[in-house]
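Computed from a predicted model, the values in this text were never measured in an experiment. In what follows, residues are counted from 1 in the order of the sequence shown.
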Amino acid sequence: MSAGEAFSLRPNHKKKFRAPVVKEIIKKVLQEKLDGQDYHADNVTNYTKEIADLIRDRLKDLGWDRYKYVVQCVVGEQRGEGLKMGCRCFWDSDTDNYAEEMYISKTCFCVATVFGIYHY
């Protein structure tokens, strides 16, 4: 990283958080980890950690320097009940963004959200 990039207030256009790219990564990870899996309450803790870690690791591979990631993963039993989730963030809308993806099977559901925050 050059001295000019070290104090940049905005990311390079090529290294800006792109929600569609992140959404596709999340989708692939959820399919890899949850396809063919049945819901078991004893395994949920491990599922959420593994999914969040794998998403984070794949985001790091993108090389979007100076972004900090917050990965949230919720896994629950599919019983036909509703679920509402919400969040509020105070951030710079020019540099920061988020992406989310949902996975639903016969026995479980998963919602994964990634927040990308540019570190000035």
Side-chain angles (χ1 to χ4, degrees):
M1 184 180 322
S2 71
E5 290 177 336
F7 297 104
S8 176
L9 293 179
R10 298 282 181 252
N12 179 322
H13 179 68
K14 293 179 182 177
K15 294 189 175 196
K16 192 171 182 181
F17 186 98
R18 299 192 190 295
V21 173
V22 176
K23 190 174 175 98
E24 189 61 31
I25 289 171
I26 298 169
K27 183 178 180 178
K28 287 179 182 177
V29 169
L30 294 181
Q31 288 173 344
E32 287 173 20
K33 298 303 279 182
L34 297 175
D35 271 354
Q37 298 292 329
D38 288 329
Y39 178 85
H40 297 288
D42 298 338
N43 298 336
V44 171
T45 301
N46 288 335
Y47 285 162
T48 56
K49 287 179 184 177
E50 289 174 10
I51 290 168
D53 287 346
L54 191 52
I55 291 170
R56 182 202 58 214
D57 292 345
R58 292 195 183 168
L59 289 172
K60 286 182 180 180
D61 293 342
L62 293 174
W64 293 340
D65 299 329
R66 306 199 47 203
Y67 270 95
K68 303 293 181 190
Y69 302 109
V70 177
V71 181
Q72 180 182 16
C73 181
V74 177
V75 176
E77 185 175 9
Q78 177 69 309
R79 295 188 288 178
E81 298 174 353
L83 173 70
K84 296 194 185 277
M85 296 176 64
C87 70
R88 298 288 183 262
C89 300
F90 184 72
W91 62 20
D92 184 342
S93 60
D94 290 335
T95 59
D96 306 336
N97 207 342
Y98 79 100
E100 65 182 349
E101 185 65 33
M102 188 167 53
Y103 175 92
I104 299 175
S105 72
K106 291 181 181 180
T107 62
C108 71
F109 69 89
C110 179
V111 180
T113 307
V114 174
F115 300 92
I117 299 99
Y118 188 73
H119 188 336
Y120 298 107

Starting at CZ of Arg58, measure out to OH of Tyr69 and round the result to the nearest 0.5 Å. 14.5 Å

Residues in side-chain contact (heavy atoms from CB on, under 4.5 Å) contact with Thr48, at least two apart in sequence or another chain: Val44, Cys73, Val75

Kindly indicate whether the side chain of Asp92, heavy atoms from C-beta on, has any atom under 4.5 Å from the side chain of Arg10. yes

Find out whether Phe115 and Cys87 are in side-chain contact, i.e. whether some heavy atom of one side chain is under 4.5 Å from a heavy atom of the other. yes

Does Ile26 share a hydrophobic cluster with Leu54, counting links as ILVMFWY side-chain heavy atoms below 4.5 Å and allowing steps through other members? yes

Under 4.5 Å between side-chain heavy atoms, counting indirect links through other Ile/Leu/Val/Met/Phe/Trp/Tyr residues: same cluster for Tyr120 and Trp91 or not? no

Hey, quick one: are Val21 and Val114 part of the same hydrophobic cluster, counting side-chain heavy atoms closer than 4.5 Å, chains of contacts allowed? yes

Can you name the nearest heavy-atom pair linking Asn12 to Lys14, along with the distance? OD1-N, 2.9 Å

Calculate, to the nearest 0.5 Å, the distance between atoms NZ and CD1 belonging to Lys28 and Ile55 respectively. 13.0 Å

Nearest-0.5 Å distance that lies between atom CG in Asp96 and atom NE2 in His119: 11.5 Å

Test side-chain contact (heavy atoms from CB on, under 4.5 Å) applied to Arg56 - qualifying residues, sequence neighbours left out: Asp53, Lys60, Val71

When you compare the side chain of Lys16 with that of Tyr67, does any pair of heavy atoms fall below 4.5 Å? yes

Distance (rounded to the nearest 0.5 Å) between Leu30 CG and Ile25 CD1: 12.0 Å

Donor-acceptor pair, distance only, cut-off 3.5 Å: does the side chain of Arg66 make one with the backbone of Tyr118? no

Check the hydrophobic clustering (I, L, V, M, F, W, Y; side-chain heavy atoms under 4.5 Å; chains of links allowed) and say if Val74 and Met102 are grouped together. yes

Interatomic spacing from CD in Gln78 to CD1 in Ile104 - rounded to 0.5 Å: 5.5 Å

Using 0.5 Å steps for rounding, measure from the CD atom of Gln72 to the CE atom of Met85. 4.5 Å

Provide the full list of side-chain hydrogen bond (donor to acceptor under 3.5 Å, both in side chains) pairs with a residue in residues 102-113, sequence neighbours left out, each pair given once. Asp35-Tyr103

So Leu62 and Arg18, do their side chains get closer than 4.5 Å, heavy atoms only? no

Tell me whether Tyr98 at atom OH has more than 12 heavy atoms from other residues, nucleotides or ligands lying less than 6.0 Å away. no

Would you mind reporting whether Leu34 and Ile51 have side-chain heavy atoms less than 4.5 Å apart? yes

